[in-house]
Amino acid sequence: MKVTVERPSESEALLNVELDWTELEKASDKAYRKLAQRYTVPGFRPGKAPRTMLERMVGKEAIYQEGLEDLIETTYREAVRQNDLTPLGQPQMDAPQIEMGQPYTFTARVPVLAPVHLGEYRAIRVERPSTDVTEADVDKVVAQIRENQAMWLPVERPARIGDKVVVDLKLTVGDRTVSDLHDNEFELAEERAGIFSGMDQHLAGMSEGESKQFTTTVPEDYANTELAGKEAQYDVTLKGVKEHQLPEVDDELAKAAGEFQTLGEMREAVTAQLRSQKENDARRGVRDEAVKAAVNQSQMDVHPVLVDEEVHAMMDEMNRMLSQSRISLEQYLTMTGKSEEEYHKELEPEAAERVKRDLVLDAIADAEGITADDDDIEGWLQLYNAMGGKRLRLRDLKEAQRANITRRIKRDKALSQLVEIATEGQAEGGASEATVEANAHAAASAGATATSGNGAASSANDEQSLPTTQAAVVETNAEAVAPDEAAMTEPRATPAPAETDV
Amino acid sequence: MEITEILRHGIITEQSVDLQNTKREGGNHDGEIVPRYTFRVALEANKYEIKQAVEAMFPGVTVLRVNTMRMPGKERTLRTRKGMFRKEARPWKKAIVTLAEGQTIPELQA
């Protein structure tokens, strides 16, 4: 066997394998024994038919062909191993017809894992954003709480912008009635887009019981071209005005907002929550920034196969998330009016980012000599089990699962290391170091999920930024701890050596 | 009798192939292959006729010895739509022909 390797690009290898006739003979002999088991020649027990008899039955070429297929597979594997390549997918084979007595040559084009040329990642410095909570921050949240606790109360005065009004409204453009509303309640706003633009200014100043006719001009860029730019006639009767009354900032508000007794207590809780939120954000921000810098520094050739795989992994993830709300991916796609191809295309940029991220982290893990031992895996599994996933024990893990988890742990460790390097000399926040440390590991372990992972998780975090109860904080952390479920289901092929079936 | 009537067809089975390849043991000719081929022959053919027929059918071979045996007709069960029938398969004669050393019959070689 003679192998020559060409590299059309860093992420692709062209293997040219030449085989001697004797190798083919040997392979065909093996194939004969295999085929003899499969065919029963009359007069012979299975597997006992002489080669000549089998040749008469299935043809000489068939035996050689069979042998050749096996030989190609084994030699391909061997060639890949010898040249230290990591295939990312199935090779494209160019295998010509066999010629009796002649040496045989085949070529295989296969996407391979390209080496990542790391930049000076050790030189990356990321500023840790301040996690101090200022009075102003707290005031903002308190104002928000006030806003949430506010009530709309009817008042006896002319309407103002910001009030809520109840109106009967008839809108006509030319001789066409566009809307005819009764007892419609809405808030008067300074700016209003669309067909009703300009209306609010006319309504302001009206008192309860008053009727008014006026005209406005529909904006030129209105979606319905028939109406755009036309005069719109209004016939409005105001039936009520409601004012937004904010509650006083006092202990009563604190009681209404949650399980607080005094205003001070609430402010304290808000402060604590804001701090932990800021810390989370800071941690995430630093992590993202460090990784981004490392990725930008690095040079690598990412094969489309990897991106494609990642896209599919993301789709699976999406599917899993959707299935929790009992929606299938197909339904989701119809709902959002996207075809699967479009969705695929849409995910590609992020998938490419993720692939690069993972590759860079793998490279850093190698460069830093990071390893993952059984204890690490055990810890990871505990986290995973705590998540309520399928219970898994170390000794039950399949080889592929194990490799997959190991890779994840190594990536997480590389990430932590990277962050550590990038923020050297900077203390982590002002908050209680212990909890931060405790979270750091969990968060790091789930880093992939939390940062690049499901958008839902992070947006959920954002919503919880309105602190009504402290439970929100706990939940936020729980989210971050979540190890990626995808790790357990299917070993993702990302940089794992792909199956090399030919 | 015609040759084709005497030699009905050659028999290639595991057993007959073994006979083709069996080596002599001991004596002056130790290790030599004794080429033996198996035929189904007419029931009424005798050893001499078989020898003549084989030599005529495969020019260039010399028959040293012919061993014959009568194979019993066996009772067979025939399952048809009209029911089960018992039927006797015909008895037949098998001949094992030993050729001179080094000779082969390519048509029957396996």
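Chain identifiers are assigned alphabetically (A, B, ...) following the order of the sequence lines, protein sequences preceding nucleic acid strands; residue numbering begins at 1 within each chain.
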A.B. asks: Does B:Gln15, at its CD atom, have more than 12 non-hydrogen atoms belonging to other residues, nucleotides or ligands within less than 6.0 Å?
C.D. replies: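 Atom CD in B:Gln15 is not crowded, with 12 or fewer foreign heavy atoms closer than 6.0 Å.
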
A.B. asks: Could you grab the distance from atom NZ of A:Lys48 to atom CG of B:Asp18, nearest 0.5 Å is fine?
C.D. replies: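 One finds 9.5 Å between NZ of A:Lys48 and CG of B:Asp18.
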
A.B. asks: Would you say the side chain of A:Thr52 lies within less than 4.5 Å of the side chain of B:Gln109, judging by non-hydrogen atoms?
C.D. replies: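 Side-chain contact under 4.5 Å: no.
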
A.B. asks: Non-hydrogen atoms of chain B under 4.5 Å away: do they reach the side chain of A:Arg51, the backbone, both or neither?
C.D. replies: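 No part of it gets close to chain B.
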
A.B. asks: Verify the neighbour count for atom CZ of B:Arg36: are there more than 12 heavy atoms of other residues, nucleotides or ligands below 6.0 Å?
C.D. replies: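 Atom CZ in B:Arg36 is packed in, count exceeds 12.
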
A.B. asks: Any pair with a residue in residues 41-70 of chain A that passes ring pair (Phe, Tyr, Trp, His ring centres under 6.0 Å), sequence neighbours left out, goes on the list, sorted by first then second residue, please.
C.D. replies: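 Pairs touching residues 41-70 of chain A that pass the test: A:Trp21-A:Tyr64.
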
A.B. asks: Would B:Thr13 and A:Arg45 count as a side chain to side chain contact (heavy atoms under 4.5 Å, CB included) if you check the C-alpha gap in whole Å, the side-chain angles of each, and the deciding distance to 0.1 Å?
C.D. replies: CA-CA 9 Å; B:Thr13 62; A:Arg45 287 170 291 167; over 6 Å; no

A.B. asks: Counting only heavy atoms not in A:Asp373, do more than 12 sit closer than 6.0 Å to its CG atom?
C.D. replies: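 Buried by this count: over 12 neighbours within 6.0 Å.
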
